Asker: 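Attaching a single structure in structure tokens format; questions to follow.
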Amino acid sequence: MTYALEINNLGKTYANGFNALKQINLTVPEGDFFALLGPNGAGKSTILGIISSLIRKTQGQVSIFGHSVDKELSLAKHCMGVVPQEFNFNIFEQVMDVILNQAGYYGIPRSEAMIRGEQLLQQLGLWDKRHAICRQLSGGMKRRLMIARALIHQPRMLILDEPTAGVDIELRRSMWEFLTKINQQGTTIILTTHYLEEAENLCRNIAIIDLGEIIQNTSMQMLLRTLNRETFILDLTEPCAAAQYLANFAGKQINDQQLEIQLTRKQDLNSVFSILSQQGVQVSSMRNKANRLEELFINLVGKIPSQVKHHQKESS
Amino acid sequence: MTAYEMSVAYWTILHKEIRRFSRIWVQTLLPPAITMMLYFIIFGNLIGPRIGTMGGFNYMQFIVPGLIMMSVITNSYSNVVSSFYGAKFQGNIEEILVSPTPNWVILAGFVTGGMIRGLLVGVIVTLLSLCFTDLQVVNPTLVIVVVLMTSVLFALGGFINATFAKSFDDISIVPTFILTPLTYLGGVFYSIDLLPQFWAWLSQLNPILYMVDAFRYGILGVSDINIIRALSIIAVFIVLLTGYCLYLLQSGNGLRK
């Protein structure tokens, strides 16, 4: 089987002696939508940097669609598009020029690049801004421009390093739709994100990295199955003291109209509703206290994803 | 990449470079024209007649080749150093580094961009000089060869400077403290025959002397040094710097972590 990405014993030690990656092994099947999660400084961006050849590895092998980055770097580069975390286009250039230049670096003639560029800018809602100077774009537009730029050479694999950071909810959802669509059309997608809802909704497989080591690498479904406790918030229609009637369930009364209930895998929600109903307590709505993946992440890594953890001087 | 794809990548870099310095022509093309005009007026017209002849030519005619060469050197160097460092600073050099564009194509694109700006400024300064003196070109072929080689050499120098630079201060240190003194001491304003023996010998260690003198020989037909030796020295420096630039790109020094 040819993997979109195959990493064996990948290691990276920076010049200051910081060991950012410790013998990483990872495979991403072709066509996958893959999430790479971890706290800040865990090594996510280092892995992506090595894949895209911007960071030099100190040991191990990386192959993109069977092309080793050591032996067939040019072919490997043709297969991938990279959307970095930081905006890295020339802010003094026009939007269309950024796209056309990138196409040129891949050897795509200008006439062909114009057609592809128009399609991508239309799809990403940037066509009206094609003559705008890049520094005039909003944060969301800049993110979309980087996605368009990364796709101009029609790569088989798209790597996105926190693509929706700082993007409003509406735009984030439209980007999810776009990414889902290109994934369905066959593009393998690897993303890092701090929005665990994003990873849970989009990705089929996941790896969690901490302190330069992969601590979990499985399918999203399998990972979520390992969650043995979920916390729900119940909104009640009338103020009442219902907590006393739910003695068999862990939880607490947040206020006289909200309950927090923790359920293990052996318990079910029907029992909760049944008990409350017997007491004449009506539930108007219910939600997870935290995203399920977030709960797992906290269990595995011991911190919420947005908590910044700086490991010495790694550049993420 | 196929040869055609590489040619597309090369033209893309070159096109981008030309657009960059054309867009900011007030910063790139106008200042050298004004500076050289002042040189022509002050040194050529006002002070020159009091100096008399040098190498058999009046002082204005003597300094024109040196001043043209000074413009070419400075602009070839500064175009590459500011463009490449700017791309590093903004991060958009990564656009090229993640692409399959070979290192030699990247280098060729930036160097040609620097050459074109240097040569364009050289043409502007030459045209301006015609307002002050007659210019008879004795050996046009030699003039073209020397000016092309010099612009390549200093564009390569600018590339090396940009690769190592970590701040905007770093890209002005070399031009200010090395390039300008070497140019001024490279026989732009005087013949080294006027210097005491020790200083004349020391001047021969200055590579810019060979470029200025070879260029002057092409225009005026007089030189302080052997032309074949001058061309050989420039060629050797080009080969060495090209090799070093390719090594820097390959190793990723200053570009990849």
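Chain naming here is simple, since letters A, B, ... match the order of the sequence lines and numbering starts at 1 in each. Fair warning: this is a prediction, and the values are worked out from it, not measured in the lab. Side chains included, hydrogens not; waters and symmetry mates left out as well; all remaining heavy atoms used.
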Asker: Can you say whether A/L73 sits under 4.5 Å from chain B via the side chain, the backbone, both, or neither, judging by heavy atoms?
Answerer: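 Neither part.
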Asker: Would you say that more than 12 heavy atoms from the other residues, nucleotides or ligands in this model lie under 6.0 Å from the NZ of A/K142, or not?
Answerer: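 Above 12, so yes.
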Asker: Please round to the nearest 0.5 Å and tell me the distance separating atom NZ of A/K77 and atom CG of B/L97.
Answerer: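 Those atoms lie 7.0 Å apart.
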Asker: Hey, is CZ on A/R56 packed in by over 12 heavy atoms from elsewhere, all under 6.0 Å?
Answerer: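 Check passes, neighbour count above 12.
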Asker: Counting only heavy atoms not in A/Q185, do more than 12 sit closer than 6.0 Å to its CD atom?
Answerer: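 Count over threshold, so yes.
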Asker: Hey, which residues of residues 3-34 of chain B are touching chain A, say heavy atoms under 4.5 Å apart?
Answerer: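 Contacts with chain A: B/Y4, B/E5, B/V8, B/A9, B/T12, B/I13, B/H15, B/K16, B/R19, B/R23.
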Asker: Side chains of B/E95 and A/V98, heavy atoms from C-beta outward: is any pair under 4.5 Å?
Answerer: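 They are in contact (side-chain heavy atoms under 4.5 Å apart), so the answer is yes.
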Asker: Where do A/I91 and B/Q90 come nearest, in terms of heavy atoms and distance?
Answerer: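 Distance-wise, the nearest heavy atoms are N-OE1, 3.0 Å.
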Asker: Could you check whether any side-chain heavy atom of B/V98 comes within less than 4.5 Å of a side-chain heavy atom of A/Y106, counting everything from C-beta outward?
Answerer: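 A side-chain contact exists here, since the closest heavy-atom pair is under 4.5 Å.
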Asker: So does A/F178 have more than 12 non-hydrogen atoms from other groups sitting under 6.0 Å from CZ?
Answerer: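 Yes - once you tally the heavy atoms of other residues, nucleotides and ligands closer than 6.0 Å, there are more than 12.
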Asker: Measuring heavy-atom distances to chain B, does A/F92 have an atom under 4.5 Å in its side chain, in its backbone, in both, or in neither?
Answerer: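 For A/F92, the contact with chain B is made by backbone and side chain together.
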Asker: Which of these passes side chain to side chain contact (heavy atoms under 4.5 Å, CB included) with A/S74: B/P100, B/P102, B/S99?
Answerer: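 Exactly one option meets the side chain to side chain contact (heavy atoms under 4.5 Å, CB included) with A/S74, and it is B/P100.
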Asker: When you look at CZ of B/F164, are more than 12 heavy atoms from neighbouring residues, nucleotides or ligands closer to it than 6.0 Å?
Answerer: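 Enclosed: over 12 neighbouring heavy atoms sit under 6.0 Å from CZ of B/F164.
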Asker: Please name all residues satisfying salt bridge (Lys or Arg N to Asp or Glu O under 4.0 Å) with A/R144, sequence neighbours left out, ordered by chain then number.
Answerer: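 Testing A/R144 for salt bridge (Lys or Arg N to Asp or Glu O under 4.0 Å), a comparison that skips the adjacent residues, returns none.
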Asker: What do you reckon, is CZ of B/F189 surrounded by more than 12 foreign heavy atoms closer than 6.0 Å?
Answerer: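 Atom CZ in B/F189 is packed in, count exceeds 12.
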